[in-house]
Amino acid sequence: MSENEEQLSDRQSFEQEQNELTKRRLAELDELKKQNVNPYPYGFDVNAYSADILESFRDDAPPSEVSVAGRIVSLRRMGKASFCHIRDSKGKIQIYLKRDDIGSIYDQFKLMDIGDIVGVNGVVFRTKTGEISIHAKSLELLSKSVRPLPVVKEKVDEQGNKVVFDPFSDKEMRYRQRYVDLVVNHEVREVFVKRARVVSSIRKFLDERGYLEVETPVLQPIYGGAAARPFVTHHNALDFDFYLRISDELYLKRLIVGGFEGVYEVGKDFRNEGMDKSHNPEFTMLELYVAYKDYNWMMDLVENMIRSVSLSVAGSAKVKVGENTIDFTPPWRRVTMLDSIKEVTGEDLNGKSEADLAAAAKRLHVEVEPSMGAGKIIDAIFSELVEPTLIQPTFITDYPVEMSPLAKRHRSKPGLVERFELMCNGHELANAFSELNDPIDQRSRFEEQARLKARGDEEAMVVDEDFLRALEYGMPPTAGLGIGIDRLTMVLTDRESIRDVMFFPQMKPEK
RNA sequence: GGGGCUGUAGCUCAGUGGUAGAGCAUCUGCCUUUUAAGCAGAGGGUCGCAGGUUCGAUCCCUGCCAGCCUCACCA
């Protein structure tokens, strides 16, 4: 079937899909056109918003006239007078329409429905039952809705709690048709407003310190900077397969080599792996690299930055997340990975051989594979036993070198690197290190990764010769940081699924 | 990938091996300050898809599709 034929067939199926409700609305649309009403006009002069009107209304003030626009979300018709609520970007407000006041417009209004977008001009007043409303002098259809919206009703009970009836709650539909979710479940909108504030407050914080926001390639000939499987795509003109980036790291460090002393990028990374409550195939990452600094300095910066983000987004350094209250007030606890394991399990793994580590894992009922090296065993014990216990923001420091091929060796602890992860609410929020800038060591670390890859580790890194060449020219000592913006937003908005902080989380295509 | 749960009207959900149900929404009538408006009446369904068992399947069985939870994997 050709593309055109498919489109044609889609249109036919849309027509077949029309049910009684849709047909009814299409008939109303025709009737409005017959009455010379343009159901899709070009604009409307708005001069007021629902929430502002409700806030500024005074019973003893002279009546004020306003023009508002929004979507009809509830409707109560009583013969020759009607009430409806319209929702605009700031909230909703009741409209009162009386036939004797608006004449033929009232007949047009009878052809409108929940879901239609209207502009209203009228006078603000308070009804008998006390609700601040707009007494319409005119009403104009701004967009006719031909597909019925879920109708959610709510009331406030005696205790002052909002009770919702028939909520639009089907998760699949809420994600696939986020536009409906946003219209009907208005509180969803708040999450995304906060998300935008997370990003803008990070930008403000970093810009104020003089770091330069940059953009680096999403399509990369070699992927790197993280342990993950990539997506592959094809460039036709070059006849070459590119990878969608799994991280920005190696490009940003090239810019440090080039002489920028502080660069950051906020962008999408793509990882071709499983999906769950904290993983989406594409996600947003902040990466920051600052020359002449190390990971200790970076911990200070992260504390200050996230405190400042929390203040901007939540209005406080303390945030309620599920059952817990998380306090981002610095300083945060800093503990080495091995010490944290010792605290939780009583096992001192410092300097232990691989066999000793495997035995310790067995004692702790942590499953390990024979193929796992020392670093992976330690990581497995940490992930399973320690990570879930870390609710308050905590820096876990000094990781085994074999887990961190891009991090600089620890200045005093053999076998470890200068790396930290920020743990919070039982999850990792950030990852950072003193960046490895020794080109000889970097080459041998890549070669070790290549050996792992040859052994079947699909997530091992590949050797990036151009990146090595850049390091050979010389990179200053540098501190690097990555923060998962989605996960940070989850904490700051108290959402337990990454899907709830993304407008359009990945879904299998509808059939 | 394993396990569990789910899919019935526009929305939220009951339900049964024998013509498919409710509330809200919709439609008709009445109603000029209602608010989960109300009163009276009416219409609306490929019971996710495809097979199988059966005289008969929305229900039982198998496969598939999609979603959620969970484990594994994974930053």
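In what follows, chains carry the letters A, B, and so on, assigned in the order in which the sequence lines appear, proteins first and then strands, with residues in each chain numbered from 1.
- Here the two rings, on A/Phe433 and A/Tyr295, have centers that are 6.0 Å apart or farther.
- OP1 and OP2 of B/rU32 both lie 4.0 Å or more from every side-chain N or O belonging to A/Arg77.
- The residues A/Arg178 and A/Asp181 are annotated as salt-bridged, a charged nitrogen and a carboxylate oxygen being separated by less than 4.0 angstrom.
- Under a cutoff of 6.0 Å and an axis angle of 45°, A/Arg419 and A/Tyr399 form a cation-pi pair.
- Atom P of nucleotide B/rA37 and atom CD of A/Glu154 are separated by 10 Å, given to the nearest angstrom.
- Between the side chain of A/Glu131 and the base of B/rU34 there is no donor-acceptor pair of N/O atoms closer than 3.5 Å.
- Map A/Asp170 and A/Lys155 each onto its nearest nucleotide of RNA chain B; the residue landing nearer the 5' end is A/Asp170.
- Side-chain N/O atoms of A/Asn19 include none lying less than 4.0 angstrom from OP1 or OP2 on B/rG44.
- In summary, A/Glu154 and A/Lys162 engage in a salt bridge, as defined by a charged side-chain N under 4.0 Å from a carboxylate O.
- Atom CG of A/Leu149 is separated from atom P of B/rU26 by 12 Å (rounded to the nearest Å).
- Within the structure, every side-chain polar atom (N or O) of A/Lys153 is placed at least 4.0 Å from both OP1 and OP2 of B/rC24.
- Here B/rC74 is the nucleotide among B/rC74, B/rG67, B/rU35 with the atom lying nearest to any side-chain atom of A/His279.
- Donor-acceptor pairing under 3.5 Å is recorded for the side chains of A/Ser145 and A/Arg25.
- A cation-pi arrangement is present between A/Lys90 and A/Tyr49 under the rule of less than 6.0 angstrom and at most 45 degrees off the ring axis.
- The gap from the P atom of B/rU16 to that of B/rG7 amounts to 13 Å, rounded to the nearest Å.
- Between B/rU53 and B/rC61, the distance separating the two P atoms is 16 Å to the nearest Å.
- With B/rC73, B/rU12, B/rU34 as the choices, the nucleotide that has an atom nearest any side-chain atom of A/Met78 turns out to be B/rU34.
- Checking B/rG67, B/rU35, B/rC74 against the side-chain heavy atoms of A/Arg176 singles out B/rG67 as nearest.
- When distances are taken from the side chain of A/Met507 to each of B/rC68, B/rA36, B/rU33, the shortest belongs to B/rC68.
- Checking the phosphate oxygens (OP1, OP2) of B/rC69, a side-chain nitrogen or oxygen of A/Arg499 falls inside 4.0 Å.
- A donor and an acceptor atom never sit less than 3.5 Å apart when one is taken from the side chain of A/Thr129 and the other from the base of B/rU33.
- For the pair A/Met173 CE and B/rC68 C1', the interatomic distance rounds to 14 Å; values are reported in whole Å.
- Here the nucleotide nearest the side chain of A/Leu21, chosen from B/rG10, B/rG67, B/rC27, is B/rG10.
- With distances taken from any side-chain atom of A/Val151 to the nucleotides B/rC27, B/rA25, B/rG23, the minimum falls on B/rA25.
- A/Arg24 has no side-chain polar atom (N or O) that falls below the 4.0 Å cut-off from OP1 or OP2 of B/rU26.
- Nucleotides of RNA chain B nearest to A/Val152 and A/Tyr96 differ in position, and the one nearer the 5' end is that of A/Val152.
- Distances shorter than 4.0 Å separate none of the side-chain N or O atoms of A/Arg76 from OP1 or OP2 on B/rU34.
- The residue A/Glu28 sits close only to the backbone: its heavy atoms come under 4.0 Å of sugar-phosphate atoms, none of a base.
- Side-chain nitrogen and oxygen atoms of A/Arg174 include none within less than 4.0 Å of the OP1 or OP2 phosphate oxygen of B/rG67.
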